[in-house]
Amino acid sequence: MTGFLALAALAPPALLPPNAPKLVLLISIDQGRADYIDRFSNLYLPPKKGGTLGGFRWLSETGVRYTDAHHHHLPTATGPGHSILMTGSVPALNGIVGNDWWDRTAGKPHYVTDDDTVQTVGANDRSGLMSARPLKVTTVGDELRMATNDRSKVVGISFKDRAAILMAGHSADEVVWYDYDTGSFVTSTYFAKSLPTWTEEFNRSRVVDGFLGKSWAPSLPESSYVNARNAPHETGPKMFSHAFGTEKNRKYYANVVTSGDGQNLIFDLTEKAIDADGLGRHDVPDVLVLNLATNDYVGHAWGPNSPEVMDLWAITDKRLSRLFNKLDKAVPGGIDNVAIVVTADHGIAPIPADAQKDRIDSNRLNGGDVVKAVDAALGAKYGAGKWVLGGLYEQNLYLDRTLIAGKGLKAEEVERTAADAAATVPGIYSAYTRSQILEGRLPNSSWSEWVTNGMNPLYGGDVMVLEAPNQVYTGATGTSHGSAWAYDTHVPIMTHWGGQKAQKVARQVYTHDIASTLCTLLGIEYPSGNVGRPLFESLPAK
Ligand SMILES: [Zn+2]
């Protein structure tokens, strides 16, 4: 008996590699375009000053930075983008074909993480009717939880439900997102019956109400914005001021999130989670996934060349530095025991009116025009009817298969007619049919992979409609993303952990390569839908 106990005491606490990190920290900067790392570098902290670690420049100079990293699927939207980072998969396999799609079974539109079978925790509204169920594959967190008998903690934090959920995965302990009606963070019964204590405390503090009557103003001197230009709808100086509002309503709570103050809030919440959960201080590794949604909101509103975006990235840099220094002290063995990945879910197009100033052919698109053209063409050829289901969901256009079958038509032929009609709409580059994509009959170019990776046989549309370069689906002001053009696909991938050789890597890599890299480091199985290959330059030599 004594002998057995002695053996048990000697047994290692887990089967993971001895040099596995204590914490995986994946930060997705929403709408983080690759060029911002160099373009705004004069606004960032030095790599290291005294004993203090910097932000982007510290990561860049002491870790491995991939300068030619891309998303490799359509659409380049928040849902699909985040569904890739911790699964190593693509929409064709993982089921996340957009932020919205047409649900053929339910006969209605589906928002990516909607789930009516669960309840909101933390507010009395629908903001928490969300889950990871639409994600058909596992995440790094799921695989780690299975490898450690659920002893690893997996935590997801974002203002955006879809970002936190799709990165954290199915088995995560704590996944929280923002309720825009109340300014509180919520979760769903899919993940837990009650909010994490750190979220409850944050909600109780009502710190989010402290900005009433105030404005977001620049944190940098005017000389910092020499390379910035105002959004075309903005007049006046580059020293902006954006009022949050004076009443506690949805608009106010959204305005706070769309500011440097919002960025500080999400980092404050993250720091609370690290302390309360003791992340990185357990005998098995933990996972923390953080999405910075503020960067997306600010970029949509004022564009990639605006002083607002520059200011926000300077704030992001400062908060990354603070987070890294905190972890350096909190995690046994310091920052080298944290596997840090900084990347993004997609990029962003310039504001069309801004691009036009430089004589670039750039216009605003409206998905309704595509729907109208397709309905008209199908009506003319096959008879009147409501051929298109719902609207255009990013690139996905869904046709009424019951109507097609009822008229005795061949699906592929109707798809072709629809695709040809869609391609005649100004601003559309091309349109491909579901049959053409699934049977591999696309043009023989590497670009076609973006289309194939976006077409899911169960959830995808009948036609994929691709916008031409610098043609952007967006409202009267601001800009957007979603295409396979470089401004939307090109994102940073920066890694940092112990045993790495610091370097800049210029070979083309994909965001779906991140997950298998982390799994290799952790010594666990790849997520079920993985198609990526480990970023070998990032892995320790032994
Ligand atoms: Zn966005």
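As the structure is a computational prediction, the values presented were derived from the model and not from experiment. Read the numbers this way: they start at 1 and go in the same order the structure lists the ligands and their atoms.
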Could you tell me which non-hydrogen atom of Thr187 sits nearest to which non-hydrogen atom of Val175, and how far apart they are? OG1-O, 2.7 Å
For a distance under 2.8 Å, tell me if Asp296 has an N/O/S atom near the Zn ion (ligand 1). yes
His481, N/O/S atom nearest the Zn ion (ligand 1): NE2
On the six-membered ring of Phe267, is Lys318 placed so that its NZ or CZ lies under 6.0 angstrom from the centre and within 45° of the ring axis? no
Closer than 4.0 angstrom, basic N to acidic O: yes or no for Asp513 and Arg533? no
Polar side-chain atom of Asn94 near backbone of Val137 as donor-acceptor pair, under 3.5 Å: no
Taking backbone and side chain together, does His346 place any N/O/S atom at a distance below 2.8 Å from the Zn ion (ligand 1)? no
